Amino acid sequence: MASLFFLFLLLLLPLVVVVLLLLLLLAIIVRPRPVRIPLKGRHVLVSGGSSGIGFALARRAAAEGARVSILARDPDRLRDACDAIRRDTGVDAAALAADVRDPAAVARALETVGPVDVLVCNHGVFVPQELERQSLEEVRFMVEVNLMGTFHLIKAALPAMKQRGKETGLPASIAIMSSQAGQVGVYGYTAYSATKFGLRGLAEALQHEVIMDNIHVTLIFPPDTDTPGLAEELKRRPEITNVIAASSGGMKADDVAQKALNGIKSAQFVVPCNFEGTMLSIATAGLSPQRSYLMAFNEVLGASLMRFVGLCFQWNWFSAIEKWHAKKKCK
Amino acid sequence: MAPSPLPIASPLLPLLMAPVAFAAVLAFIVRPRSVRIPIKGRHVFISGGSSGIGLALARLAATEGARVSILARSAVRLQEARDAIRLATGVDVAIFSADVRDADAVANAVEEAGPVDVLVCNHGVFTPQELEKQDLEEVRFMVEINLMGIFHLIKAALPAMKQRAKATGLPASIAIMSSQAGQVGVYGYTAYSASKFALRGLAEALQHEVIAHNIHVSMIFPPDTDTPGFAEEHKRRPDLTNIIAGSSGGMKADDVAKKALNGIKSSMFIVPCNFEGSMLSIATAGLSPQSSFFTALAEVLGAGFMRFMGLCFQWNWFSLIEKWHSKKKNM
């Protein structure tokens, strides 16, 4: 009996040592180093902040004592949003009416509210459709708003952010609202996934460029979220997209906003919002930076299983596509 | 009496069966199923085909007996390319002059060329620079050409491709030239990586949409390649980008073309071009489809280690960025 116990220990001990060594190694190499991004008393600007996730983010930031500006196209919806924020938090948010497709308008708007500490590029449009059926105007619309619009925002805010960061010595944040469709492309999302994947390439490179200015980049990856935007999208969704998207549960805008804000405050590069999102983030960690050695440990240990799970999902999705087409043929 | 070997083997048996069972499951679930895409006698259409990787691809495809069309902006360079290919292979390629940013011009060129079997979206421009310093016009230039240009090509070619694939019963291919900068974003590449990452989102979704029509999507991820385009880029590269990009070896256009064409013919979704590229592809496999059992096995087994390697690379890169900045400060 004793010999079996010692055998067990003999096998377990090196395993424990390996795990501890790995944790130590990861703690040494994870970059960039972790920081806390304070919100209280700082200037948070949220694009697409008059509805949906952006509005929920603005309200939460205001509740946490930030000075909040919201940017959107429609002055009426902006006013309604500001009223709601004042009602719920007592805070007066600044309203900026501008179309993110217009870089000059964006630059003008940002100038009126002064330097930004936390820039939340949250705006986005999404029209799902098979590329073969979709008009190029709609594709262009998504690329202009989701991708170029974010470039416009960052370009406009960056100089003053750097200056501000130098003066205050406090870490700043550029947060970008992506989507689970920015982690995997599925049926009906050629244009939308293109724009959201694009934001990831932008973010990875941007973090390299702004780290020395104490600016920290965060990408948030929500699932389907209960917003006016989603209601619009659902009207247009191809059947197959609905079947596939059911693989991940939906969330409320306020819960996404909470996860987002927590991620921004911890300067996490990748911020998942639910359990499936966390699995997806491990599977698609790629070469993204990781500040938390514990999260890095999860990524390294979980990567193999997650790739296998990913392959299972694709098996499921391609089978669903096959079945749907076969059913359609038989009609 | 000889001792029976069975009691000793029995605890080992399930241990041996597990990996075999796992391999069997993997072989069963990989999707889409692998196909061979024949090139001989088929119509290969290559954008950006008058120089660099595109020209090398055109020459190679012509050598393999394909009917080749090349698309580019400059009529002069197109004629030079045609002459060069005729000289090298004896084959006459069809030339089409159009700017991929112009959807109508692209549609006209594709219509004139006739139904395509293998569409190679190879064109691309790249101007590396820190986003803070880069003109928004340059950012837009890269997004318009690299991303919208490919939407234009696919939109124009898709209907006739479907028709052709149905009529011939042969598998067709849409191949997209990405870059290692489309697998990881690094200093100086906000716009370029954005455009290349976007192509991945497009490709993953597109594969779902066209698989039922026997069209197979391939993405090629070359490293720095010895081309006129690269020579131009190199002049503009920030110091730090050079330091970081040194992590992956360069290649000749012909070698990239060879890897690309092999990948297209095997309907591989992800086509790496060198050793570092293979490692990068395992690290960034994410939720991409995988039609090869062996590659799937490599991805699942290697995922954890590759994530660790990725974290090491980021540790190295952020350290380099830090060092470079402190050196600059001390000057």
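First the proteins, then the strands, lettered A, B, ... as listed; each starts at 1. Bear in mind the structure is a predicted one, so any value in this text is a computation, not a measurement.
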Are any of the side-chain heavy atoms of [X] and [Y] separated by less than 4.5 Å?
X	Y	value
A/Leu131	B/Phe151	yes
A/Ser135	B/Lys155	no
B/Trp317	A/Arg31	no
B/Phe197	A/Leu202	no

What part of [X] gets closer than 4.5 Å to chain B, counting heavy atoms only: side chain, backbone, both or neither?
X	answer
A/Ile321	side chain
A/Ile240	neither
A/Phe308	both
A/Ile211	side chain
A/Ile154	side chain

Exercise for the section: Report the option among A/His208, A/Met212, A/Glu132 that has the most heavy-atom pairs separated by less than 4.5 Å from atoms of chain B. Expected result: A/His208

Practice task
Determine which residues belonging to residues 137-147 of chain A lie within contact range of chain B, meaning some heavy atom pair is under 4.5 Å apart, and list them by number or answer 'none'.
Solution key: A/Val139, A/Arg140, A/Val143, A/Glu144, A/Leu147

Problem - For chain B, which residues of residues 290-299 of chain A have heavy atoms nearer than 4.5 angstrom - result: A/Gln290, A/Ala296, A/Glu299

Would a distance-only check, ignoring hydrogens and angles, find a side-chain to backbone donor-acceptor pair under 3.5 Å from [X] to [Y]?
X	Y	value
A/Ser304	B/Val300	yes
A/Glu209	B/Leu131	yes
B/Gln314	A/Leu287	yes
B/Glu209	A/Gly188	yes

Fill in the blank from the handout: Honestly, the part of B/Ala203 sitting under 4.5 Å from a heavy atom of chain A is neither

